[in-house]
Amino acid sequence: MLGQGLFDGMPERLYACTPTRLATWRDCPRRYRFTYLDRPQPPKGPPWAHTSIGAATHVALAQWFALPSRARTPQRGADLVRRNWLRDGFRDDDQSRAARGRAAGWVEEYLAKVDPAREPVGVEKAVSAQTATLVLSGRADRIDAADDGSLVVVDYKTGRHVPTADDAASSLALAVYAVGARRTMRRPCTRVELHHLPTGTVAVAEHTRASLDAHVATAEALGAGAAGADDAFAAGRTGDDVFPPAPGRHCSWCDYRRHCPQGREAAPPMQPWSGLAVPDAPEPDETDETETQSDEVRP
Ligand code: SF4
């Protein structure tokens, strides 16, 4: 159990985790078990089209910043979306092509407002920070330098929901990246931004020491619960007393709903392409669409 050293004076064991792991534990302990503990891992449902869009746009933007600045044109960004396109999850080729055209257009319009000569401090940057009980790690989409030299965490969004300043301020993942960026690069970092590619919206939050401390405290509380559950699992306690389901509308988007009667009861199934960012599509669960893109290693 976290917090129990073997002997007096020995350092306590730190729980290593990402924001996605903590959010999965928070949102549904059963899903946490499926995702991180059960081995072999239960088979997932089919891939989601909205995840394919997110992956292609994120990779395209990362590759764009790897180009020499003179080659960083908005059109090149659109080309990179097309080159990295994934057809997984789409109903058919027509739907995939239409989505590819939309996503290429988002990136082209977004990059038209980006100064190609301004180098980010990091792209797909791994950051980490140690707290009293955790080793937090993650991968920020981009880290910029503000005019005063401080760091700015940038996270791309491709879902239907247009992010707000409150979303940026309340994001545990962004706060963890800010703390990790500060520790990893030894520069101040309080500003976090959500860049919504479909609309060009930039949602900004300026953290304070107190607000970052509050997020770290939340992470530590979640980490304590998850670490205890890990230990229980290792001791053979794998049932619902430790890993209860948390059914809700998010179950529509859960990769493991086929293994979960309560989740299937709680929310209707979705087609793999139901989360596409078009006006008549339902909204996927935000955790599925965003944090997994942000702090897991992408190809
Ligand atoms: S279907 Fe719902 S309750 Fe079941 S594991 Fe997934 S998120 Fe949890």
Side-chain angles (χ1 to χ4, degrees), residues 2 15-55 88-91 136 138 155 157-161 163 167 170-174 176 215 218-219 221-277 281-298:
L2 191 79
Y15 181 65
C17 57
T18 64
T20 298
R21 186 170 181 131
L22 295 176
T24 304
W25 169 253
R26 177 196 64 201
D27 294 343
C28 179
R30 178 181 285 178
R31 181 174 170 175
Y32 175 88
R33 195 196 79 203
F34 287 150
T35 306
Y36 294 106
L37 301 180
D38 282 346
R39 294 296 178 268
Q41 193 176 45
K44 293 182 180 181
W48 301 101
H50 61 268
T51 303
S52 294
I53 294 174
D88 296 343
F90 292 97
R91 183 184 56 224
L136 289 162
D155 196 46
K157 295 293 190 188
T158 57
R160 287 179 62 222
H161 174 68
D167 293 327
S170 62
S171 167
L172 177 65
L174 287 183
V176 166
H215 276 296
T218 298
L222 289 170
D230 286 11
D231 288 347
F233 185 89
R237 292 179 56 209
T238 62
D240 287 355
D241 57 329
V242 181
F243 301 97
R249 66 177 287 278
H250 56 275
C251 297
S252 287
W253 306 103
C254 178
D255 286 327
Y256 302 101
R257 59 179 277 122
R258 69 168 73 172
H259 311 292
C260 180
Q262 294 89 340
R264 292 198 301 276
E265 179 79 18
M270 293 290 168
Q271 298 289 351
W273 54 86
S274 295
L276 296 184
E283 184 74 40
D285 181 76
E286 184 74 357
T287 299
D288 290 341
E289 199 275 322
T290 58
E291 292 194 348
T292 51
Q293 290 176 11
S294 298
D295 70 1
E296 304 294 349
V297 178
R298 282 186 288 275

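Note that ligands are numbered from 1 as they come in the structure, with each ligand's atoms numbered from 1 the same way. Keep in mind that what you see is a predicted model, and the values were worked out from it rather than measured. Count residues from 1 along the sequence.
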request  = Provide the number and element of each atom of ligand 1 under 4.0 Å from a heavy atom of Pro247.
outcome  = 3 (S)
request  = Check ligand 1 against Pro245 and write out every atom of the ligand that is under 4.0 Å from a heavy-atom position of the residue.
outcome  = 3 (S)
message = With a 4.5 Å cut-off on side-chain heavy atoms, are Asp240 and Pro245 touching?
response = yes
query = Tell me, which protein residue and heavy-atom name are nearest atom 6 (Fe) of ligand 1, and how many Å apart are they?
reply = Cys254 SG, 2.4 Å
remark   = Checking heavy atoms under 4.0 Å, the part of Ala246 that sits near ligand 1 is backbone
key: Pairing residues for Pro40 by the side chain to side chain contact (heavy atoms under 4.5 Å, CB included) criterion, not counting sequence neighbours   = none
ask   = Any side-chain heavy atom of Met270 within less than 4.5 Å of one from Trp48?
value = yes
task = Starting from atom 7 (S) of ligand 1, find the nearest protein heavy-atom neighbour and note its residue, name and distance.
result = His250 CD2, 3.5 Å
ask   = So which protein heavy atom does atom 4 (Fe) of ligand 1 come closest to, and at what separation?
value = Cys260 SG, 2.3 Å
Side-chain heavy atoms of Trp25 within contact of Thr35, under 4.5 Å = no
message = Less than 3.5 Å apart, any donor N or O on the side chain of Arg26 or Tyr32 sitting next to an acceptor on the other?
response = no
note = From the list Asp38, Asp230, Asp241, salt bridge (charged side-chain N to carboxylate O under 4.0 Å, His left out) partner of Arg33 resolves to Asp38
message = Give me the nearest non-hydrogen protein atom to atom 8 (Fe) of ligand 1 as residue plus atom name, then the distance to 0.1 Å.
response = Cys28 SG, 2.2 Å
ask   = Which of the listed options, Pro42, Cys251, Pro29, holds the heavy atom that is closest to atom 2 (Fe) of ligand 1?
value = Cys251
